[in-house]
Structure formats: C-alpha cells, structure tokens
Amino acid sequence: MSSFGYAAFGNSTPGNLLTGFGFYEPYWLVDFANACVVLHLVGGYQIFSQPLFADIERWFARKFPESKFIHKNHTLKPLPMLPFKLNLMRLVFRTAYVALITGIAVLFPYFNQVVGVSGAITFWPVVVYFPVEMYLTQKKTESWKTKAIVLRVYTMVCLIVILYAFVGSIRGVIVARFS
C-alpha cells in the first residue's frame with residue numbers, strides 16, 4: 001500500500017497515509033482503520049518473530065527442565081469439537097515481548113524510519129532467501145540448473161535492492177534524529 005503512496009507522492013508521502021493528508025473526519029472511521037492496521041501488524045509481527053521465540057523458549061526449557069510453568073500444556077475446549085493446547089510460559093513471554101517492543105517503538109519520535117531499518121534487515125532473509133533455498137532443497141534442484149541459477153540471481157538482485165533500502169533507512173534515522 002505504501003508503495004502506491006510513494007509512487008503517487010514521492011518523498012512527500014506522509015508516514016501515516018490515513019491522516020497525512022488532513023483526513024481526520026469521521027474520527028470513528030480513522031480509529032477503526034488504525035485498529036485494523038494494528039491487528040494486521042501484530043499478526044505479522046508474531047509470524048516474523050517465531051525464530052526468536054523458538055530460540056528463547058528452547059533456552060528456557062534447557063535452563064529450567066523441571067518447571068511445570070514452562071513445560072506443561074493446558075488443554076482448553078472453548079468448543080467441544082475444537083480443543084487446543086495453551087502453554088502459559090509462551091503466552092506470558094510472547095505477550096510481554098510484544099508489549100515491551102511496542103512500548104519502545106512508541107517512544108521513538110521517528111518511528112517510520114526505525115520501522116524502515118528493521119524491515120530492511122528482516123525482509124530479505126525471511127521473504128526472499130529462506131523461501132528460495134527451501135524450494136530448491138525440497139525440489140532437489142541441482143546447483144547449476146537454469147532454475148537454480150535464475151532463482152539465486154533473483155535472490156542476489158533482491159539483496160542488492162534491500163541493501164540500498166537499508167542504507168536509505170539508516171540515513172533517514174540519522175536525518176530524523178538530528179533535525
């Protein structure tokens with residue numbers, strides 16, 4: 001979505017497309033749209049944080065092998081045909097982590113630039129490199145076949161673009177910090 005805003009308005013694109021052009025009425029609609037954006041980002045944030053969660057939860061499991069809080073799964077049945085397992089340590093840790101990081105992010109006066117830096121760091125490995133390598137491994141594609149070469153060239157081109165985005169994001173943070 002922000003790509004369309006940038007294509008239309010260039011560098012004068014506001015960080016918040018909902019209110020950046022003076023659109024504040026009706027308030028309930030802007031608030032509802034912002035709530036939808038938050039809901040969307042929290043879900044994506046949870047997905048992209050899975051490797052970090054897995055590492056930290058593994059560390060806790062090794063550090064406290066006898067802890068029921070860490071190891072016990074509680075079975076909940078909100079609907080008789082839909083039981084699911086809930087681990088209290090995961091619930092508490094992940095909720096606290098997301099709340100802490102969100103709180104830190106809100107404190108930054110130049111939030112959009114920081115989001116750009118974190119996006120530039122995480123986008124390439126999670127969205128480009130790992131899926132391409134998993135595909136090549138699953139399909140057992142030989143290294144010097146045309147498909148493998150094309151996919152790896154694509155990966156490298158994306159890496160170069162992301163490196164430019166990273167440098168631009170760092171510049172944006174520095175400019176925002178000292179202005």
Side-chain angles (χ1 to χ4, degrees), residues 1-21 30 32-60 90-91 93-179:
M1 184 68 155
S2 61
S3 301
F4 292 124
Y6 188 76
F9 302 105
N11 286 339
S12 61
T13 303
N16 184 347
L17 289 176
L18 297 175
T19 60
F21 299 109
V30 173
F32 179 72
N34 281 324
C36 290
V37 168
V38 167
L39 184 64
H40 168 74
L41 291 177
V42 165
Y45 185 74
Q46 291 281 341
I47 296 299
F48 284 115
S49 297
Q50 288 301 316
L52 176 70
F53 291 154
D55 285 344
I56 292 174
E57 289 163 4
R58 228 178 284 122
W59 180 83
F60 273 121
R90 285 182 178 164
L91 176 69
F93 168 70
R94 292 176 183 204
T95 302
Y97 176 82
V98 170
L100 176 71
I101 298 301
T102 302
I104 291 170
V106 167
L107 294 176
F108 279 104
Y110 38 89
F111 178 72
N112 289 331
Q113 289 81 8
V114 174
V115 169
V117 170
S118 67
I121 290 171
T122 60
F123 181 82
W124 182 77
V126 173
V127 177
V128 178
Y129 178 74
F130 290 135
V132 166
E133 291 301 317
M134 286 188 289
Y135 173 81
L136 292 173
T137 302
Q138 281 180 339
K139 298 296 181 181
K140 296 181 174 73
T141 307
E142 295 178 27
S143 294
W144 294 103
K145 293 290 185 182
T146 304
K147 184 184 281 188
I149 292 170
V150 167
L151 286 173
R152 289 209 169 103
V153 166
Y154 163 75
T155 301
M156 289 301 117
V157 168
C158 288
L159 176 62
I160 291 167
V161 170
I162 289 300
L163 288 174
Y164 277 109
F166 179 69
V167 170
S169 297
I170 292 292
R171 181 192 172 281
V173 168
I174 292 168
V175 167
R177 170 65 179 100
F178 293 111
S179 64

Self-check item: Residues in side chain to side chain contact (heavy atoms under 4.5 Å, CB included) contact with L163, at least two apart in sequence or another chain
Solution: L159

Exercise. Report the residues that fulfil side chain to side chain contact (heavy atoms under 4.5 Å, CB included) with V153, sequence neighbours left out, ordered by chain and then residue number.
Key: I149, V157

How many angstroms lie between [atom1] in [X] and [atom2] in [Y], if you round to the nearest 0.5 Å?
{"X": "S118", "Y": "F166", "atom1": "OG", "atom2": "CZ", "answer": "10.5 Å"}
{"X": "S143", "Y": "K145", "atom1": "OG", "atom2": "NZ", "answer": "11.0 Å"}
{"X": "L151", "Y": "T146", "atom1": "CG", "atom2": "OG1", "answer": "11.0 Å"}
{"X": "R94", "Y": "Q50", "atom1": "CZ", "atom2": "CD", "answer": "4.5 Å"}

Exercise. State whether the number of non-hydrogen atoms from other residues, nucleotides or ligands found under 6.0 Å of Y154 atom OH is greater than 12.
Key: no

N/O donor to acceptor pairs below 3.5 angstrom from side-chain atoms of residues 124-137, sequence neighbours left out:
from: W124; atom 1: NE1; to: T155; atom 2: O; distance (Å): 2.9
from: E133; atom 1: OE1; to: R152; atom 2: NH2; distance (Å): 3.1
from: E133; atom 1: OE2; to: R152; atom 2: NE; distance (Å): 3.1
from: Y135; atom 1: OH; to: K147; atom 2: NZ; distance (Å): 3.1
from: T137; atom 1: OG1; to: E133; atom 2: O; distance (Å): 2.8

Exercise. Compare every heavy atom of A165 with every heavy atom of A120, then report the nearest pair and how far apart it is.
Key: CB-C, 4.2 Å

Practice problem: Kindly indicate whether the side chain of L52, heavy atoms from C-beta on, has any atom under 4.5 Å from the side chain of Y97. | Solution: yes

